[in-house]
Amino acid sequence: MKEIGVSGSRPLVKEVCTTCGSHDSTERTWMMFPGTDVFARIPFHAAHSIIETDQEHLDFETKKLHSYVKDKTLLISEKGALADKISPAVLKSLVTLTGNNRK
């Protein structure tokens with residue numbers, strides 16, 4: 001396949017990413033797009049940006065599922081289904097705990 005663009009040209013502005021630092025805008029990397037069987041050779045920073053966006057979406061979905069599990073666990077506890085294993089007060093305190101996130 002033929003590369004599009006002028007080889008040997010320099011970018012007018014040096015690109016600097018806030019997370020991965022400075023990079024060569026002509027550097028390309030292979031990436032398989034989510035939900036497809038298509039591999040494409042795209043600029044490194046574009047692949048990096050796509051992966052970061054996907055990670056943010058996955059983090060949001062994970063937090064949503066954690067919230068759902070906590071709500072259902074509290075509901076089960078309030079019905080007394082877990083009372084023989086763990087007291088409702090202890091379970092409620094464990095479920096409502098908050099911790100430091102990765103970010």
Side-chain angles (χ1 to χ4, degrees):
M1 213 175 235
K2 191 174 187 178
E3 294 283 335
I4 298 174
V6 180
S7 62
S9 65
R10 289 187 335 203
L12 296 175
V13 177
K14 184 167 178 84
E15 296 179 37
V16 177
C17 177
T18 57
T19 55
C20 64
S22 62
H23 63 281
D24 182 8
S25 61
T26 61
E27 179 185 355
R28 297 192 175 276
T29 188
W30 288 99
M31 181 175 172
M32 183 171 140
F33 289 95
T36 66
D37 293 335
V38 176
F39 278 91
R41 193 163 183 220
I42 61 174
F44 173 79
H45 189 66
H48 183 260
S49 298
I50 291 168
I51 291 171
E52 277 187 339
T53 304
D54 286 348
Q55 186 63 49
E56 288 172 4
H57 177 71
L58 290 172
D59 288 343
F60 173 76
E61 290 296 321
T62 301
K63 286 178 184 177
K64 193 164 74 171
L65 288 173
H66 282 159
S67 176
Y68 178 76
V69 169
K70 284 181 178 184
D71 290 344
K72 294 302 177 186
T73 303
L74 284 174
L75 180 68
I76 290 171
S77 173
E78 288 171 358
K79 299 228 183 236
L82 301 174
D84 60 336
K85 306 264 186 217
I86 188 169
S87 73
V90 171
L91 183 67
K92 184 172 182 171
S93 66
L94 289 174
V95 170
T96 57
L97 279 177
T98 59
N100 293 338
N101 293 340
R102 294 188 288 137
K103 292 183 178 182

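Nothing fancy with the numbering, it's 1 onward along the sequence.
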Discussion item. Please say yes or no: joined through hydrophobic side-chain contacts below 4.5 Å, possibly via intermediate residues, are W30 and M32 part of one cluster?
Written reply: yes
Discussion item. For the CG atom of L58 and the CG atom of D54, what is their distance to the nearest 0.5 Å?
Written reply: 6.5 Å
Worksheet item: In the hydrophobic clustering (ILVMFWY, side-chain contacts below 4.5 Å, transitive), which residues join I42, or is it alone?
Response: M31, F33, I50, I51
Practice prompt. Give the C-alpha distance, both sets of side-chain angles, the deciding distance and a yes or no for side chain to side chain contact (heavy atoms under 4.5 Å, CB included) between D71 and L75.
Written response: CA-CA 6 Å; D71 290 344; L75 180 68; over 6 Å; no
Item to complete: Would you check if the side chain of S49 reaches a backbone N or O of H45 as a donor-acceptor pair within less than 3.5 Å?
Response: yes
Item to complete: From the options H48, E27, R28, select the one residue that forms a side-chain contact (heavy atoms from CB on, under 4.5 Å) with P43.
Response: R28
Item to complete: Have a look at D59 and tell me which of E56, Q55, E61, H57 forms a side-chain contact (heavy atoms from CB on, under 4.5 Å) with it.
Response: Q55
